Q: 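My questions will all concern the structure given below.
Note that this is a predicted model, so its numbers are computed, not measured.
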Amino acid sequence: MVRIGELTILVPFDVSEPAPPELDVLEELGAVEVVLLGYFPVPDQAEPALVRDQHGSEAAGQLAALADQYGAVDDVLVFTHDREATIDRIADEYDSSTVLTTGRSAGTGRVLVPLRGDVNLDRILGVVADLLLAGDETVTLFHSVGEDTDPSQGELLLMGAVDRLAEYGVDRDRVDWQVSQDSDPVADIVDLGATYDLVVLGETEPSLRERIIGDRLSTIVDALDVPALIVRNVE
């Protein structure tokens, strides 16, 4: 059961911002496909077509320059009232299982993968396998069990995840795992994530609004300085 070449990453960014986003992490990833989504937020009271007439050429130029710099397989420019709905729609259109948030990274040599249980687990491990088979990264699988919980439950989850990655063809030497019994798993992930180059996070809620914005996921992503690769839960 070997996977390779199946990972398409959607990279949304606000094209109305004057400075280009930090996308240096894309240069470190292996043979993955990248689709750039430049979205231009349109105020509720404004017509997207009118905003496009005013800013379309400049936005298209910025998007094309980034696509050329990072070797994107495709790029999409959207003037939208609804950022999250646009991300979902374009991710579906390009069959992208992941969405990358921007952030400064020195490389992708060390990847942190927090696992919260069985929800979306198969998709997360599939993406991690694709990432490892396409590049040279090492991965730490992480689970927080809480102060009053038997840590063996978390250990079983993580050891099973390592076995799944090995079944995909990933060398076990590239994967380790860590269990935490601290009381604040969000703080754990944020603190630990700062010592890694990339964090892979899985969505837990499949509803349209919660896919990208989910409270806990949003809190973690907002607090991270490094990029986060979010694995969509589309079921």
Q: Would one find more than 12 heavy atoms of other residues, nucleotides or ligands at under 6.0 Å from atom CG of Asp225?
A: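 No - once you tally the heavy atoms of other residues, nucleotides and ligands closer than 6.0 Å, there are 12 at most.
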
Q: Is the closest side-chain heavy-atom distance between Leu198 and Leu131 below 4.5 Å?
A: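 In short, these two side chains touch, coming nearer than 4.5 Å.
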
Q: Please check if the side chain of Arg232 supplies one atom and the backbone of Glu203 the other of a donor-acceptor pair under 3.5 Å.
A: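 No, the answer is negative, given that no donor and acceptor are paired below the 3.5 Å cut-off.
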
Q: Checking side chain to side chain contact (heavy atoms under 4.5 Å, CB included) for the pair Leu121/Leu157: CA distance, chi angles, key distance, verdict?
A: CA-CA 10 Å; Leu121 182 61; Leu157 171 69; 4.0 Å; yes

Q: Which atoms form the tightest heavy-atom contact between Leu7 and Ser97, and what is the distance?
A: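 Shortest heavy-atom separation between Leu7 and Ser97 comes out as CD1-OG, 3.9 Å.
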
Q: Can you find a pair of side-chain heavy atoms, one from His143 and one from Trp177, that are under 4.5 Å apart?
A: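 No, side chains not in contact.
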
Q: Measure the spacing between CG of Leu23 and OH of Tyr70 and express it to the nearest 0.5 Å.
A: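 So the gap between those two atoms works out to 5.0 Å.
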
Q: Return the minimal non-hydrogen interatomic distance between Leu112 and Ile189, and the atom names on each side.
A: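 Leu112 and Ile189 have their closest heavy atoms at CD2-O, 4.1 Å.
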
Q: Report yes or no: does Thr98 contribute a side-chain atom to a donor-acceptor pair with the main-chain N or O of Leu229 at less than 3.5 Å?
A: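 Answer holds: no.
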
Q: Considering only heavy atoms from C-beta outward, does the side chain of Val34 approach that of Leu100 to under 4.5 Å?
A: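 Contact flag for Val34/Leu100 side chains = no.
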
Q: Determine the minimum heavy-atom distance between Leu165 and Ala129, stating which atoms define it.
A: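 Shortest heavy-atom contact: CD2-N, 3.9 Å.
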
Q: Side chain of Ser96, backbone of Thr8: donor and acceptor closer than 3.5 Å?
A: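 At least one qualifying donor-acceptor pair exists.
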
Q: State, to 0.1 Å, how close Gly109 and Asp197 come at their nearest heavy-atom pair, and which atoms those are.
A: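 For Gly109 versus Asp197, the nearest heavy atoms are N-OD2, 3.2 Å.
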
Q: Donor-acceptor pair, His81 side chain versus Pro43 backbone, under 3.5 Å?
A: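 Judged by distance alone, yes, a pair lies under 3.5 Å.
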
Q: Looking at Asp95, I want to see if its CG is surrounded by more than 12 non-hydrogen atoms of other residues, nucleotides or ligands under 6.0 Å.
A: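 Result for CG/Asp95: open.
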
Q: How close do Gln62 and Ala19 get, heavy atom to heavy atom, and via which atoms?
A: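 Smallest heavy-atom distance, with atoms named: OE1-O, 4.4 Å.
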
Q: Nearest 0.5 Å, what's the CG-OG1 distance between Asp176 and Thr138?
A: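 The distance works out to 7.0 Å.
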
Q: Please find the pair of heavy atoms, one from Gly202 and one from Arg116, that lie closest to each other, and give the distance.
A: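 Distance-wise, the nearest heavy atoms are O-NH2, 2.8 Å.
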
Q: Could you go through Arg83 and Asp14, starting from their C-alpha distance and side-chain angles, then the distance that decides it, and tell me whether this counts as side chain to side chain contact (heavy atoms under 4.5 Å, CB included)?
A: CA-CA 9 Å; Arg83 167 186 174 275; Asp14 186 345; over 6 Å; no

Q: Among Leu224, Val113, Val226, Thr140, which one satisfies side-chain contact (heavy atoms from CB on, under 4.5 Å) with Tyr196?
A: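 Exactly one option meets the side-chain contact (heavy atoms from CB on, under 4.5 Å) with Tyr196, and it is Thr140.
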
Q: Quick one: list whatever passes side chain to side chain contact (heavy atoms under 4.5 Å, CB included) with Gln54, sequence neighbours left out.
A: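 None.
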
Q: Checking Arg164 side chain against Leu125 main chain: does a donor-acceptor pair fall under 3.5 Å?
A: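 No, because the side chain of Arg164 does not come within donor-acceptor range (under 3.5 Å) of the backbone of Leu125.
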
Q: Is there a chain of hydrophobic side chains (I, L, V, M, F, W, Y, each step under 4.5 Å between heavy atoms) that links Leu77 to Tyr39?
A: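 In one cluster with Leu77: Tyr39, no.
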
Q: Below 4.5 Å, heavy atoms only, C-beta onward: do Phe13 and Leu63 meet side chain to side chain?
A: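 Side chain of Phe13 against side chain of Leu63, heavy atoms only: contact under 4.5 Å found.
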
Q: Testing the 3.5 Å rule here: is there a donor-acceptor pair between the side chains of Thr80 and Asp82?
A: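 Their side chains do not contain a donor-acceptor pair, so the 3.5 Å distance test is not met.
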
Q: Using the side-chain contact (heavy atoms from CB on, under 4.5 Å) rule, pick out the option among Val51, Leu50, Val78 that qualifies with Val42.
A: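 Between Val42 and the candidates, side-chain contact (heavy atoms from CB on, under 4.5 Å) is satisfied uniquely by Val51.
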
Q: What is the distance from atom CD1 of Ile230 to atom CD1 of Ile124, rounded to the nearest 0.5 Å?
A: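 It is 11.5 Å, given to the nearest 0.5 Å.
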
Q: Pick from Asp188, Thr195, Val190: which one makes a side-chain contact (heavy atoms from CB on, under 4.5 Å) with Leu192?
A: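 Of Asp188, Thr195, Val190, side-chain contact (heavy atoms from CB on, under 4.5 Å) with Leu192 is met by Thr195 alone.
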
Q: Assess whether atom CD of Glu58 is packed by more than 12 heavy atoms of other residues, nucleotides or ligands within 6.0 Å.
A: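 No, because the 6.0 Å sphere around CD of Glu58 holds 12 heavy atoms or fewer from other groups.
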
Q: Testing Leu66, Val76, Leu10, Val15 for side-chain contact (heavy atoms from CB on, under 4.5 Å) with Leu36, which one passes?
A: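 Running side-chain contact (heavy atoms from CB on, under 4.5 Å) over Leu66, Val76, Leu10, Val15 with Leu36 returns exactly one hit, Leu66.
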
Q: Passes side chain to side chain contact (heavy atoms under 4.5 Å, CB included), Leu156 versus Met159? Steps please.
A: CA-CA 5 Å; Leu156 287 174; Met159 288 189 290; 4.1 Å; yes

